[in-house]
Amino acid sequence: MTKVRVRFAPSPTGALHIGGVRTALYNYLFAKKCGGDMLLRIEDTDSARFVPGAEAYIIESLNWLGIKIDEGVGVGGSHAPYRQSERKEIYLQYVNQLLDGGLAYKAFDTPEQLEVKRTEIKNFQYDASTRGQMINSLTLPKKELEKRIADGEPFVVRIKIEPDEDITVHDLIRGDVTINSSIVDDKVLYKSSDGLPTYHMANIVDDHLMEISHVIRGEEWLPSAPLHVLLYKYLGWENSMPQFAHLPLLLKPEGNGKLSKRDGDKLGFPVFPLDWNDPKSGEKSSGYREAGYFPEAVVNFLALLGWHPGGEQELFSLQELIDSFSLDRVSKSGAKFDYEKAKWFNHKYLQAKTNEEVAALFLNEHPFTDNSQAFIAKVVTVVGMVKERVNFVSELWEQTSFFFEAPTTYDEKTVKKRWKEDSPALMQELITVLEGIEDFSVSNSEEVVMNWITQKEYNTGAVMNAFRLAVVGEGKGPHMFDITSLIGKEETITRLKRAIETIK
RNA sequence: GGUGCGUUCCUCUAACGGUUAGGAGAUCGGUUUCUCAAUCCGACAAUGGCAGUUCGAUUCUGCUACGCACUACCA
């Protein structure tokens with residue numbers, strides 16, 4: 001049994017899409033489950049689409065999520081280099097091998113000529129049935145062929161596919177998938193113009209040389225998997241061919257189709273792990289990290305989008321995911337992206353943290369001038385009162401600002417509903433009551449105030465709601481006396497006085 | 001158009017021939033409370049269709065419908 005080695009092989013063409021993140025995650029989970037290695041290879045054979053910074057972005061994303069790379073770009077390893085643009089000579093050697101073996105040929109058709117063919121012939125495909133009419137080393141007279149090559153005329157190398165053969169790909173998720181070779185075209189493997197292979201060639205050569213045991217990738221690759229199998233065969237690597245697993249796609253939350261960046265913009269949720277400013281298009285995209293997600297929550301959410309270990313557990317640590325992961329429990333159909341559930345996961349992870357941990361995160365995100373022990377202790381208490389009602393640390397300030405700052409305005413709707421004609425008088429009387437309290441603790445102040453309300457036969461709601469409005473500025477927040485005992489007697493009375501003066 | 005893959009509640013999914021088809025999110029209702037939330041409780045709601053195999057099909061087979069992917073000198 002050879003060692004499990006998987007790879008994540010993105011193209012540095014922009015931010016790493018969340019679907020790509022999931023592919024990386026599944027590769028990682030599988031590798032770790034099997035005690036294998038996870039490689040990172042950068043597939044930058046398309047220089048036209050290269051975007052500076054994309055590679056660093058990919059690495060930073062994986063780091064943030066806790067997906068550790070054992071070997072590859074950024075960490076090195078015994079199969080270096082791991083950037084395809086740095087492996088030109090390697091590919092050329094195998095391209096020549098195919099050429100020499102008559103399994104590939106050189107084609108000189110220009111993109112324009114191909115375009116003409118495509119419009120001329122319905123469903124044109126460059127294959128056994130049409131290559132005879134095209135300009136290539138199979139059709140050109142020997143002299144002319146030599147001349148074109150001597151002149152340095154650009155050409156591409158195409159794989160020569162024999163028609164009418166059944167090719168079977170064994171997929172770990174879908175079982176055997178068989179297609180006829182007649183429907184696969186003579187794919188371009190190499191371009192003399194830049195001396196680089198195309199995806200298909202580079203991918204097979206690298207997977208073989210890097211001793212990849214399992215190719216786990218998105219379903220969009222399933223149609224070209226037979227071509228890849230053929231390439232392994234042509235190169236004489238059939239016996240060491242990796243196993244394939246094609247993952248279901250991540251779909252739009254609404255309607256049909258693959259999840260795209262546009263969906264995120266439209267529906268207001270990130271489709272990228274990290275914020276990204278595209279240097280080419282100038283577009284800005286938001287990421288999960290900056291939106292306030294915990295990496296563990298994103299990992300947990302993503303892991304369950306297209307895979308489930310059975311049972312009814314929903315919350316899994318990365319280690320638990322590794323322990324229970326298996327490819328045969330990956331579902332076959334695409335999964336719609338459910339942003340509400342993503343928030344729920346974050347909520348769960350936030351609740352699982354201690355008040356101290358959450359307070360530290362809050363303090364980090366919302367710095368205060370006071371950093372005394374006493375103040376931090378106050379923040380911890382405040383956080384403990386409200387954390388269960390938020391999904392994100394970033395929502396904490398909105399829930400707690402009144403603990404730290406007196407309201408400057410009073411919510412209009414609440415004023416209308418809670419501030420009645422007798423409210424100023426009631427609050428004035430409440431001030432007197434509060435002034436008489438020595439022990440301003442939650443239980444004692446509550447007892448005193450409630451006794452006063454009962455004795456005077458006031459309406460509890462009328463008093464408390466006006467009280468809340470005066471102290472908080474609107475009709476929200478934790479238990480009233482939790483608030484007042486924390487901000488203190490003096491501050492409470494100040495706020496009451498101010499409300500009486502201000503609210504009309 | 002061609003080829004391939006897929007199809008269980010609104011969404012993610014469980015049940016790998018025998019269950020009242022389960023859980024979670026969302027939604028709705030209730031509980032609670034001085035408020036907003038949260039909590040807790042409850043409700044809601046599905047095997048795309050038609051055949052076949054079988055004592056019995058969500059599960060196996062075929063057809064059909066629908067969806068998706070691919071169909072570049074992009075990955």
Side-chain angles (χ1 to χ4, degrees), chain A residues 9-13 43-46 48-49 107 109-111 114-115 118 122-126 154-158 169 171 173-174 177-180 182-185 187-194 196 198-200 202-203 217-226 246 248-249 251 253-258 301 304-315 328-329 331-345 347 351 385-390 399 414 417-418 446 449-450 453 459-469 472 474-481:
Chain A
S11 290
T13 55
E43 308 218 326
D44 54 352
T45 53
D46 184 3
R49 291 212 306 154
D109 318 84
T110 64
L114 288 170
E115 198 44 54
R118 285 194 192 98
K122 30 40 174 159
N123 301 328
F124 172 80
Q125 180 170 285
Y126 210 122
F155 62 87
V156 298
V157 173
R158 287 181 180 272
V169 179
D171 185 282
I173 296 169
R174 286 151 220 282
V177 176
T178 302
I179 70 131
N180 192 282
S182 295
I183 64 124
V184 357
D185 63 336
K187 276 270 180 306
V188 171
L189 301 178
Y190 172 87
K191 310 149 274 173
S192 73
S193 57
D194 59 4
L196 282 167
T198 60
Y199 168 83
H200 304 289
N203 192 262
R217 79 234 291 197
E219 193 186 344
E220 69 269 25
W221 293 108
L222 190 54
S224 51
H246 291 92
L249 264 16
L251 273 19
E254 290 174 356
N256 302 313
K258 259 205 284 193
F301 166 64
L304 259 23
L305 223 46
W307 169 81
H308 198 283
E312 280 167 9
Q313 187 178 347
E314 295 242 52
L315 268 12
D328 57 357
R329 293 208 59 105
S331 54
K332 298 178 178 69
S333 51
K336 284 197 178 188
F337 197 79
D338 183 359
Y339 189 57
E340 289 303 324
K341 193 123 186 193
K343 288 198 272 193
W344 178 80
F345 274 106
H347 177 82
Q351 303 322 310
M385 287 178 195
V386 302
K387 83 167 182 191
E388 66 180 15
R389 59 177 74 194
V390 302
Q399 294 292 335
T414 315
K417 198 170 166 194
R418 308 292 192 197
E446 178 169 10
V449 172
M450 286 307 169
I453 290 173
N459 178 297
T460 311
V463 174
M464 296 306 293
N465 287 320
F467 189 16
R468 177 176 295 278
L469 174 64
V472 174
E474 52 189 305
K476 68 167 190 192
H479 189 65
M480 256 328 276
F481 297 97

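Note on naming: letters A, B, ... go to the chains in the order of the sequence lines (proteins, then strands), and numbering restarts at 1 for each one.
We find that CG of A:Leu304 is positioned 11 Å from C1' of B:A14, with the value rounded to whole Å. The separation between A:Glu312 atom CD and B:G22 atom P is 10 Å, rounded to whole Å. B:U39 atom P lies 8 Å from atom CD of A:Gln351, rounded to whole Å. Note: NE2 (A:His308) to P (B:A24) measures 11 Å, nearest angstrom. Rounded to whole Å, the distance from CZ on A:Phe337 to P on B:U13 is 12 Å. One interatomic measurement links the two molecules: NZ of A:Lys341 to C1' of B:U27, which rounds to 14 Å at whole-angstrom precision. Rounded to an integer number of Å, the gap from A:His347 NE2 to B:A24 C1' is 14 Å. Separating the CD atom of A:Glu446 from the C1' atom of B:U33 is a distance of 11 Å, rounded to the nearest angstrom.
Within the 3.5 Å criterion, the main-chain N or O of A:Pro154 finds no donor-acceptor partner in the side chain of A:Ser192. Looking only at distances, no side-chain donor or acceptor of A:Thr45 sits under 3.5 Å from a matching main-chain atom of A:Leu196. A:Gln125 contributes a side-chain N or O that, together with a main-chain N or O of A:Ser182, makes up a donor-acceptor pair within less than 3.5 Å.
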**Message:** Set out, in order, the CA-CA distance, both residues' side-chain angles and the distance that settles salt bridge (Lys or Arg N to Asp or Glu O under 4.0 Å) for A:Lys341 and A:Asp338, then state yes or no.
**Reply:** CA-CA 6 Å; A:Lys341 193 123 186 193; A:Asp338 183 359; over 6 Å; no

Does the side chain to side chain contact (heavy atoms under 4.5 Å, CB included) test come out yes or no for A:Arg418 and A:Arg468, once each step is laid out? CA-CA 9 Å; A:Arg418 308 292 192 197; A:Arg468 177 176 295 278; over 6 Å; no

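When both pairing distances are held under 3.5 Å, B:C36 makes no Watson-Crick or G-U pair with any nucleotide shown. Nucleotide B:A45 is matched to nothing when pairs are restricted to Watson-Crick or G-U wobble geometry with both distances under 3.5 angstrom. Taking a pair to require two hydrogen-bonding distances under 3.5 Å in either a Watson-Crick or a G-U wobble arrangement, B:C9 remains unpaired. Across the strands present, B:U31 finds no partner; the criterion is a Watson-Crick or G-U wobble pair with both atom distances under 3.5 angstrom. B:A14: no Watson-Crick or G-U partner with both key distances under 3.5 Å is found in any strand. The partner of B:U19 cannot be assigned: no Watson-Crick or G-U wobble pair with both contacts below 3.5 Å exists in any strand. Using N1 to N3 plus N6-O4 or O6-N4 for Watson-Crick, or N1-O2 and O6-N3 for G-U wobble, each under 3.5 Å, B:U71 pairs with B:G1. Within the shown strands, nothing qualifies as a pairing partner of B:U54 under the Watson-Crick or G-U definition with both distances less than 3.5 Å.
Here the closest heavy-atom approach between residue A:Leu304 and residue A:Pro309 is recorded as CD1-CD, 4.4 Å.
Of the two residues near RNA chain B, A:Asn180 and A:Lys336, the one whose nearest nucleotide lies more 5' is A:Asn180. Position along RNA chain B of the nearest nucleotide to A:Trp307 versus A:Glu340 favours A:Trp307 as the more 5'-ward residue.
Counting distance only, with no hydrogens placed and no angle test, the side-chain atoms of A:Arg389 and the base atoms of B:A38 include no donor-acceptor pair under 3.5 Å.
Here, B:C16 and B:U39 have their P atoms 32 Å apart, quoted to the whole Å. Spacing between B:C60 and B:G42 at atom P, rounded to whole Å, works out to 34 Å. Across B:G6 and B:G48, the matching C1' atoms stand 13 Å from one another, rounded to whole Å. Separating the C1' atom of B:C44 from that of B:G25 is a span of 14 Å, rounded to the nearest Å. Look at the C1' atom in both B:C41 and B:U31: the space between them is 7 Å, to the nearest Å. Nucleotides B:G4 and B:U13 have their C1' atoms positioned 25 Å apart, rounded to a whole Å. Taking atom C1' in both B:C36 and B:A21, the straight-line distance is 39 Å, to the nearest Å. Taking atom P on both B:C28 and B:G67, the two are 30 Å apart, rounded to the nearest angstrom.
The side-chain heavy atoms of A:His246 and A:Arg217, taken from C-beta on, include a pair separated by under 4.5 Å.
The side chain of A:Thr460 lies closest to B:C34 when the candidates are B:C34, B:G4, B:A38. Out of B:G6, B:A14, B:C36, the shortest distance to the side chain of A:Lys476 is found at B:C36. The A:Val177 side chain lies nearest to B:G4 when the options are B:G4, B:C12, B:A14.
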Protein heavy-atom contacts under 4.0 Å, written 5' to 3' over nucleotides 60-75 of chain B as B (base), S (sugar-phosphate only) or - (none), form the string -------SSSS--BBB

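Dashed line: the shortest gap from a side-chain N or O of A:Thr414 to OP1 or OP2 of B:U35 is not under 4.0 Å. The side chain of A:Arg468 places no N or O atom within less than 4.0 Å of a non-bridging phosphate oxygen (OP1 or OP2) of B:U33.
Counting heavy-atom neighbours within 6.0 Å of A:Lys332 NZ, excluding the residue itself, gives a total of 12 or less.
Taking the six-membered ring for Trp and the full ring otherwise, A:Phe337 and A:Phe301 have centroids separated by under 6.0 Å.
With sequence neighbours excluded, the residues satisfying ring pair (Phe, Tyr, Trp, His ring centres under 6.0 Å) with A:Trp221 are A:Tyr199.
Using a 4.0 Å heavy-atom distance criterion, A:Asn465 is classed as a sugar-phosphate-only contact.
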